[in-house]
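See structure below.
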Amino acid sequence: MENIFGKNLAELTELVLGLGLPKFRGKQLAEWLYKRSVTDFQQMQNLPKDMRNKLAEGYVIDRAARVDQMDSGDGKTSKFLLNFSDGSGVETVLMRQPYGNSICVSSQVGCNMGCRFCASTLHGMVRNLTPGEMLAQTYYINDLLAKEGQKVDTIVIMGSGEPLNNYDNVLAYIRLLHEDYCLGMSYRSITLSTSGIVPNIYKLAAEELPITLSISLHAPEDELRSELMPINRKYPLADVLKAGRDYGQSTGRRVTYEYILIDGVNDNLKQARELASLLRGQLASVNLIPINPVAERDWRRPSLARIEFFANYLTEHHITATVRREMGNDIQAACGQLRNKHLDQ
Ligand code: SAH
(Lines give C-alpha, C1' and ligand atoms only; values in the text may rest on other atoms or scores of the structure.)
Protein backbone atom coordinates (compact mmCIF):
# COMPACT_ATOMS: atom_id res chain seq x y z
CA MET A 1 0.00 0.00 0.00
CA GLU A 2 1.08 3.53 -0.67
CA ASN A 3 2.79 5.48 2.08
CA ILE A 4 1.06 8.74 2.93
CA PHE A 5 3.71 9.99 5.36
CA GLY A 6 5.96 12.51 3.64
CA LYS A 7 3.37 13.89 1.23
CA ASN A 8 3.11 17.67 1.26
CA LEU A 9 -0.10 19.66 1.47
CA ALA A 10 -0.56 19.88 -2.30
CA GLU A 11 -0.18 16.12 -2.62
CA LEU A 12 -2.53 15.42 0.29
CA THR A 13 -5.09 17.79 -1.16
CA GLU A 14 -4.91 16.04 -4.49
CA LEU A 15 -5.30 12.74 -2.68
CA VAL A 16 -8.48 13.75 -0.82
CA LEU A 17 -9.97 15.29 -3.97
CA GLY A 18 -9.30 11.95 -5.66
CA LEU A 19 -11.32 10.25 -2.93
CA GLY A 20 -14.19 12.61 -3.69
CA LEU A 21 -13.69 14.62 -0.51
CA PRO A 22 -13.59 18.41 -0.10
CA LYS A 23 -10.29 20.22 -0.32
CA PHE A 24 -10.11 21.32 3.33
CA ARG A 25 -9.76 17.68 4.38
CA GLY A 26 -6.23 17.80 2.94
CA LYS A 27 -5.22 20.44 5.47
CA GLN A 28 -6.75 18.44 8.31
CA LEU A 29 -4.92 15.34 7.19
CA ALA A 30 -1.62 17.25 7.09
CA GLU A 31 -2.20 18.47 10.62
CA TRP A 32 -2.89 14.99 11.97
CA LEU A 33 0.16 13.57 10.25
CA TYR A 34 2.64 16.31 11.05
CA LYS A 35 1.34 18.50 13.85
CA ARG A 36 -0.22 15.75 15.93
CA SER A 37 2.08 13.01 14.68
CA VAL A 38 -0.61 10.32 14.82
CA THR A 39 0.23 6.94 13.33
CA ASP A 40 -3.27 5.53 12.86
CA PHE A 41 -6.03 6.96 10.64
CA GLN A 42 -8.62 6.05 13.27
CA GLN A 43 -7.08 8.60 15.65
CA MET A 44 -7.94 11.45 13.25
CA GLN A 45 -11.02 12.41 15.20
CA ASN A 46 -12.32 15.31 13.14
CA LEU A 47 -12.35 13.26 9.94
CA PRO A 48 -15.57 11.41 9.13
CA LYS A 49 -15.48 7.71 9.87
CA ASP A 50 -16.02 6.94 6.20
CA MET A 51 -12.98 8.98 5.19
CA ARG A 52 -10.80 7.33 7.84
CA ASN A 53 -11.82 3.93 6.51
CA LYS A 54 -11.13 4.93 2.91
CA LEU A 55 -7.70 6.17 3.88
CA ALA A 56 -6.92 3.02 5.82
CA GLU A 57 -7.95 0.89 2.86
CA GLY A 58 -5.63 2.62 0.43
CA TYR A 59 -2.72 3.99 2.45
CA VAL A 60 -0.31 3.37 5.28
CA ILE A 61 1.38 5.84 7.59
CA ASP A 62 4.87 4.47 7.25
CA ARG A 63 7.00 5.57 10.15
CA ALA A 64 10.33 4.24 11.40
CA ALA A 65 10.76 1.44 13.93
CA ARG A 66 13.67 1.32 16.34
CA VAL A 67 15.84 -1.78 16.04
CA ASP A 68 18.73 -0.74 18.23
CA GLN A 69 19.97 2.21 20.23
CA MET A 70 23.27 3.23 21.75
CA ASP A 71 23.72 6.05 24.25
CA SER A 72 27.01 7.76 24.99
CA GLY A 73 28.35 7.62 28.53
CA ASP A 74 27.52 11.28 29.15
CA GLY A 75 23.96 10.71 27.89
CA LYS A 76 24.23 13.53 25.36
CA THR A 77 24.40 11.50 22.18
CA SER A 78 22.07 8.71 21.16
CA LYS A 79 22.33 6.76 18.00
CA PHE A 80 19.34 4.87 16.63
CA LEU A 81 19.15 2.13 14.07
CA LEU A 82 15.72 2.65 12.48
CA ASN A 83 14.00 0.27 10.12
CA PHE A 84 11.48 0.96 7.39
CA SER A 85 8.74 -1.39 6.26
CA ASP A 86 10.90 -3.07 3.59
CA GLY A 87 13.39 -4.02 6.29
CA SER A 88 16.02 -1.45 5.27
CA GLY A 89 17.83 0.09 8.19
CA VAL A 90 19.40 3.52 8.59
CA GLU A 91 21.16 5.35 11.36
CA THR A 92 19.94 8.56 12.89
CA VAL A 93 21.78 10.39 15.65
CA LEU A 94 20.56 12.79 18.33
CA MET A 95 23.11 15.19 19.78
CA ARG A 96 22.06 17.29 22.74
CA GLN A 97 24.18 20.37 22.18
CA PRO A 98 24.37 23.50 24.33
CA TYR A 99 22.57 25.39 21.55
CA GLY A 100 19.78 22.84 21.18
CA ASN A 101 18.94 19.38 19.94
CA SER A 102 20.67 18.54 16.72
CA ILE A 103 19.96 15.45 14.66
CA CYS A 104 21.93 13.76 11.94
CA VAL A 105 19.71 12.26 9.24
CA SER A 106 20.62 9.64 6.62
CA SER A 107 19.68 10.24 2.99
CA GLN A 108 20.32 6.79 1.51
CA VAL A 109 20.38 3.19 2.73
CA GLY A 110 24.12 2.57 2.66
CA CYS A 111 26.26 4.61 0.28
CA ASN A 112 28.17 4.06 -2.94
CA MET A 113 30.67 6.90 -2.75
CA GLY A 114 33.43 4.57 -1.60
CA CYS A 115 35.21 7.01 0.75
CA ARG A 116 38.02 5.00 2.30
CA PHE A 117 37.56 6.26 5.87
CA CYS A 118 33.80 5.75 6.04
CA ALA A 119 31.88 2.78 7.41
CA SER A 120 28.62 3.62 5.57
CA THR A 121 29.99 2.66 2.20
CA LEU A 122 31.43 -0.76 3.09
CA HIS A 123 28.30 -2.62 2.02
CA GLY A 124 27.46 -0.39 -0.94
CA MET A 125 24.22 1.47 -1.53
CA VAL A 126 20.86 -0.27 -1.31
CA ARG A 127 18.54 2.56 -2.35
CA ASN A 128 17.57 6.19 -1.98
CA LEU A 129 15.38 7.23 0.93
CA THR A 130 12.06 8.89 0.19
CA PRO A 131 11.11 12.28 1.68
CA GLY A 132 8.78 10.39 4.05
CA GLU A 133 11.59 8.18 5.28
CA MET A 134 13.84 11.13 6.03
CA LEU A 135 10.90 12.81 7.74
CA ALA A 136 10.19 9.60 9.68
CA GLN A 137 13.73 9.69 11.11
CA THR A 138 13.11 13.27 12.16
CA TYR A 139 9.74 12.50 13.75
CA TYR A 140 11.06 9.45 15.56
CA ILE A 141 13.41 11.72 17.50
CA ASN A 142 11.08 14.70 17.69
CA ASP A 143 8.43 12.51 19.34
CA LEU A 144 10.99 11.26 21.85
CA LEU A 145 12.01 14.81 22.68
CA ALA A 146 8.38 15.94 22.89
CA LYS A 147 7.98 13.71 25.95
CA GLU A 148 10.59 15.91 27.67
CA GLY A 149 8.98 19.12 26.42
CA GLN A 150 11.73 19.50 23.82
CA LYS A 151 12.03 19.32 20.05
CA VAL A 152 14.48 18.95 17.20
CA ASP A 153 16.17 22.34 16.79
CA THR A 154 18.73 21.78 14.05
CA ILE A 155 19.18 19.14 11.38
CA VAL A 156 22.29 18.03 9.58
CA ILE A 157 21.80 15.83 6.53
CA MET A 158 25.12 14.22 7.19
CA GLY A 159 24.25 10.62 7.97
CA SER A 160 24.75 7.76 5.57
CA GLY A 161 24.40 8.46 1.89
CA GLU A 162 25.17 11.23 -0.58
CA PRO A 163 22.23 13.67 -0.39
CA LEU A 164 23.03 15.37 -3.69
CA ASN A 165 22.70 12.00 -5.43
CA ASN A 166 19.15 11.79 -4.06
CA TYR A 167 18.44 15.37 -4.98
CA ASP A 168 14.68 15.57 -5.52
CA ASN A 169 13.77 13.55 -2.43
CA VAL A 170 16.16 15.49 -0.21
CA LEU A 171 14.82 18.82 -1.47
CA ALA A 172 11.22 17.69 -0.95
CA TYR A 173 12.17 16.69 2.61
CA ILE A 174 13.84 20.03 3.34
CA ARG A 175 10.87 21.99 2.00
CA LEU A 176 8.46 19.89 4.05
CA LEU A 177 10.46 20.51 7.24
CA HIS A 178 9.98 24.22 6.68
CA GLU A 179 6.20 24.13 6.22
CA ASP A 180 4.03 25.54 9.00
CA TYR A 181 1.82 22.47 8.99
CA CYS A 182 4.94 20.34 9.50
CA LEU A 183 7.83 21.26 11.85
CA GLY A 184 8.07 24.86 10.70
CA MET A 185 11.85 24.75 10.78
CA SER A 186 13.84 27.66 9.48
CA TYR A 187 16.06 26.85 6.53
CA ARG A 188 18.97 28.30 8.45
CA SER A 189 18.74 25.50 10.96
CA ILE A 190 19.29 22.89 8.23
CA THR A 191 22.70 21.81 6.92
CA LEU A 192 23.34 19.56 3.94
CA SER A 193 26.69 17.82 3.64
CA THR A 194 28.05 16.64 0.31
CA SER A 195 31.15 14.89 -0.95
CA GLY A 196 31.15 17.43 -3.79
CA ILE A 197 28.66 16.58 -6.54
CA VAL A 198 29.51 19.74 -8.46
CA PRO A 199 26.53 20.13 -10.86
CA ASN A 200 24.09 19.63 -8.01
CA ILE A 201 25.84 22.22 -5.84
CA TYR A 202 24.94 24.74 -8.56
CA LYS A 203 21.43 23.36 -8.77
CA LEU A 204 21.07 23.75 -5.02
CA ALA A 205 22.35 27.33 -5.13
CA ALA A 206 19.67 28.12 -7.72
CA GLU A 207 16.93 26.96 -5.31
CA GLU A 208 17.75 30.04 -3.20
CA LEU A 209 17.07 28.32 0.09
CA PRO A 210 19.17 29.72 2.95
CA ILE A 211 20.33 26.30 4.16
CA THR A 212 23.96 25.75 5.09
CA LEU A 213 26.11 23.83 2.67
CA SER A 214 28.88 21.71 4.02
CA ILE A 215 31.47 20.19 1.69
CA SER A 216 33.62 17.22 2.63
CA LEU A 217 37.14 18.12 1.56
CA HIS A 218 39.51 15.95 3.61
CA ALA A 219 42.60 16.64 1.51
CA PRO A 220 44.12 19.79 -0.03
CA GLU A 221 45.39 18.21 -3.25
CA ASP A 222 43.92 15.96 -5.93
CA GLU A 223 46.12 12.92 -5.59
CA LEU A 224 45.39 12.35 -1.91
CA ARG A 225 41.76 13.41 -2.22
CA SER A 226 41.19 10.91 -5.04
CA GLU A 227 42.71 8.23 -2.88
CA LEU A 228 40.46 9.06 0.08
CA MET A 229 37.37 9.96 -1.94
CA PRO A 230 37.04 8.31 -5.37
CA ILE A 231 34.43 10.92 -6.38
CA ASN A 232 37.34 13.37 -6.69
CA ARG A 233 38.27 11.68 -9.98
CA LYS A 234 34.95 12.82 -11.40
CA TYR A 235 34.75 16.19 -9.66
CA PRO A 236 38.28 17.34 -8.84
CA LEU A 237 39.22 19.68 -6.05
CA ALA A 238 39.42 22.87 -8.13
CA ASP A 239 35.87 22.37 -9.42
CA VAL A 240 34.53 21.55 -5.96
CA LEU A 241 36.15 24.65 -4.48
CA LYS A 242 34.87 26.84 -7.27
CA ALA A 243 31.36 25.49 -6.74
CA GLY A 244 31.73 26.19 -3.00
CA ARG A 245 32.92 29.73 -3.65
CA ASP A 246 30.09 30.37 -6.10
CA TYR A 247 27.56 28.93 -3.64
CA GLY A 248 28.83 31.32 -0.95
CA GLN A 249 28.66 34.26 -3.32
CA SER A 250 25.23 33.60 -4.71
CA THR A 251 23.56 32.68 -1.41
CA GLY A 252 25.56 34.89 0.97
CA ARG A 253 25.83 31.84 3.22
CA ARG A 254 29.13 30.74 4.67
CA VAL A 255 30.15 27.34 3.34
CA THR A 256 31.70 24.92 5.81
CA TYR A 257 34.40 22.54 4.71
CA GLU A 258 34.78 19.31 6.59
CA TYR A 259 38.26 17.98 6.98
CA ILE A 260 38.77 14.68 8.74
CA LEU A 261 42.14 14.56 10.45
CA ILE A 262 43.93 11.23 9.96
CA ASP A 263 47.25 10.65 11.66
CA GLY A 264 50.12 10.82 9.20
CA VAL A 265 47.83 11.02 6.18
CA ASN A 266 46.50 14.59 5.87
CA ASP A 267 47.68 16.41 8.99
CA ASN A 268 51.14 17.80 8.22
CA LEU A 269 52.33 21.40 7.93
CA LYS A 270 52.47 21.36 4.14
CA GLN A 271 48.86 20.22 3.99
CA ALA A 272 47.74 22.86 6.48
CA ARG A 273 49.48 25.47 4.32
CA GLU A 274 47.86 24.17 1.14
CA LEU A 275 44.44 24.09 2.75
CA ALA A 276 44.81 27.67 4.00
CA SER A 277 45.86 28.85 0.58
CA LEU A 278 42.95 27.09 -1.16
CA LEU A 279 40.39 28.77 1.06
CA ARG A 280 41.97 32.20 1.35
CA GLY A 281 39.44 34.94 0.79
CA GLN A 282 36.44 32.58 0.67
CA LEU A 283 33.32 32.99 2.76
CA ALA A 284 34.14 29.69 4.41
CA SER A 285 35.07 27.92 7.59
CA VAL A 286 36.74 24.61 8.26
CA ASN A 287 35.37 21.94 10.53
CA LEU A 288 38.19 19.67 11.61
CA ILE A 289 37.02 16.20 12.54
CA PRO A 290 39.48 13.86 14.23
CA ILE A 291 38.71 10.57 12.49
CA ASN A 292 36.48 8.08 14.21
CA PRO A 293 38.52 4.96 13.72
CA VAL A 294 36.62 2.38 11.70
CA ALA A 295 37.33 -1.20 12.65
CA GLU A 296 37.67 -2.18 8.98
CA ARG A 297 40.46 0.37 8.32
CA ASP A 298 43.75 0.98 10.01
CA TRP A 299 43.66 4.71 10.55
CA ARG A 300 44.07 6.68 13.73
CA ARG A 301 43.35 10.17 14.91
CA PRO A 302 46.33 12.50 15.35
CA SER A 303 47.57 13.47 18.82
CA LEU A 304 45.81 16.33 20.55
CA ALA A 305 48.91 18.48 20.02
CA ARG A 306 48.84 17.80 16.29
CA ILE A 307 45.13 18.57 16.05
CA GLU A 308 45.67 21.88 17.86
CA PHE A 309 48.64 22.70 15.69
CA PHE A 310 46.60 22.15 12.52
CA ALA A 311 43.67 24.21 13.80
CA ASN A 312 45.94 27.02 15.00
CA TYR A 313 47.78 27.15 11.71
CA LEU A 314 44.52 27.76 9.87
CA THR A 315 43.33 30.36 12.38
CA GLU A 316 46.62 32.23 12.21
CA HIS A 317 46.21 32.35 8.46
CA HIS A 318 42.75 33.89 8.72
CA ILE A 319 40.75 30.75 8.05
CA THR A 320 37.99 30.17 10.60
CA ALA A 321 38.54 26.67 11.94
CA THR A 322 36.87 24.68 14.66
CA VAL A 323 37.59 21.21 15.92
CA ARG A 324 34.41 19.18 16.04
CA ARG A 325 33.45 18.36 19.52
CA GLU A 326 33.75 14.67 19.86
CA MET A 327 30.33 13.45 20.66
CA GLY A 328 29.43 9.86 20.87
CA ASN A 329 32.88 8.51 20.13
CA ASP A 330 32.25 5.83 22.74
CA ILE A 331 29.19 4.63 20.81
CA GLN A 332 30.80 4.50 17.39
CA ALA A 333 28.86 7.49 16.14
CA ALA A 334 30.73 7.54 12.84
CA CYS A 335 28.28 6.91 10.02
CA GLY A 336 27.35 3.38 9.35
CA GLN A 337 29.02 1.60 12.21
CA LEU A 338 25.89 0.53 14.08
CA ARG A 339 24.17 -0.64 10.90
CA ASN A 340 27.24 -2.64 9.88
CA LYS A 341 27.24 -4.40 13.22
CA HIS A 342 23.73 -5.64 12.48
CA LEU A 343 24.46 -6.52 8.84
CA ASP A 344 27.48 -8.52 9.94
CA GLN A 345 25.57 -10.45 12.59
N1 SAH B 1 28.07 12.01 1.61
C2 SAH B 1 28.01 13.22 2.39
C3 SAH B 1 27.31 13.08 3.73
C4 SAH B 1 27.65 11.86 4.53
S5 SAH B 1 29.26 11.82 5.23
C6 SAH B 1 29.39 13.79 2.56
O7 SAH B 1 30.35 13.18 2.12
O8 SAH B 1 29.53 14.87 3.11
C9 SAH B 1 29.14 13.04 6.47
C10 SAH B 1 30.46 13.40 7.11
O11 SAH B 1 30.93 12.34 7.97
C12 SAH B 1 31.52 13.62 6.07
O13 SAH B 1 32.26 14.80 6.26
C14 SAH B 1 32.36 12.40 6.24
O15 SAH B 1 33.59 12.63 5.75
C16 SAH B 1 32.29 12.16 7.75
N17 SAH B 1 32.80 10.86 8.14
C18 SAH B 1 32.60 9.69 7.52
N19 SAH B 1 33.30 8.70 8.12
C20 SAH B 1 33.95 9.26 9.15
C21 SAH B 1 34.84 8.76 10.15
N22 SAH B 1 35.22 7.48 10.17
N23 SAH B 1 35.31 9.62 11.08
C24 SAH B 1 34.94 10.93 11.04
N25 SAH B 1 34.13 11.46 10.12
C26 SAH B 1 33.62 10.64 9.19
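First listed ligand is number 1; within each ligand, the first listed atom is number 1. Below, each value reflects all heavy atoms present in this structure, side chains not excepted, and no hydrogens, waters or symmetry copies.
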Could you go through residues 303-310 and list every donor-acceptor pair under 3.5 Å that involves a side-chain atom there, pairing it with any protein atom two or more places apart or in another chain?
unit_1 : atom_1 : unit_2 : atom_2 : d
Ser303 : OG     : Arg306 : N      : 3.1
Arg306 : NH1    : Asp267 : O      : 2.9

- Query: Should you measure from each heavy atom of Cys118, which atoms of ligand 1 turn up under 4.0 Å away?
  - Reply: 18 (C), 19 (N)
- Going by the atom numbers of ligand 1, which of them fall below 4.0 Å from some non-hydrogen atom of His218? 13 (O), 14 (C), 15 (O)
- Query: Can you tell if the side chain of Thr77 reaches within under 4.5 Å of the side chain of Leu94, non-hydrogen atoms only?
  - Reply: no
- Does the ring of Phe5 carry Arg63 above it, NZ/CZ under 6.0 angstrom from centre and within 45° of its axis? yes
- Message: When you measure from the centre of the six-membered ring of Tyr181, is the NZ or CZ of Lys27 closer than 6.0 Å and no more than 45° off the axis?
- Response: no
- Query: If you measure from each heavy atom of Ser107 to ligand 1, is any distance below 4.0 Å?
  - Reply: no
- Side chain, backbone, both or neither: the part of Thr194 lying under 4.0 Å from ligand 1 by heavy atom: backbone
Nearest to [atom] by heavy atom, [options]: which?
| atom | options | answer |
| --- | --- | --- |
| atom 16 (C) of ligand 1 | Thr121, Leu192, Ile260, Val156 | Ile260 |
| atom 4 (C) of ligand 1 | Cys111, Gly159, Ser160 | Gly159 |
| atom 1 (N) of ligand 1 | Ser193, Gly161, Ser195, Ser216 | Gly161 |
| atom 10 (C) of ligand 1 | Met229, Glu162, Glu258 | Glu258 |

- Cationic N near anionic O, under 4.0 Å, Lys79 to Asp68: no
- Task: Inspect the contact between Glu14 and Lys23 and indicate whether a charged nitrogen and a carboxylate oxygen are less than 4.0 angstrom apart.
- Result: no
Name the atoms and distances for all side-chain donor-acceptor pairs under 3.5 Å in residues 146-157, with sequence neighbours left out.
unit_1 : atom_1 : unit_2 : atom_2 : d
Glu148 : OE1    : Arg96  : NH1    : 2.9
Glu148 : OE1    : Gln150 : NE2    : 3.3
Glu148 : OE2    : Arg96  : NH2    : 3.2
Gln150 : OE1    : Asn101 : ND2    : 2.8
Lys151 : NZ     : Asp153 : OD1    : 2.7
Asp153 : OD2    : Asn101 : N      : 2.8
Thr154 : OG1    : Ser102 : OG     : 3.2

- Query: Short N/O distance, under 3.5 Å, between Ile289 and ligand 1?
  - Reply: no
- Query: Is the shortest N/O to N/O distance between Phe117 and ligand 1 below 3.5 Å?
  - Reply: yes
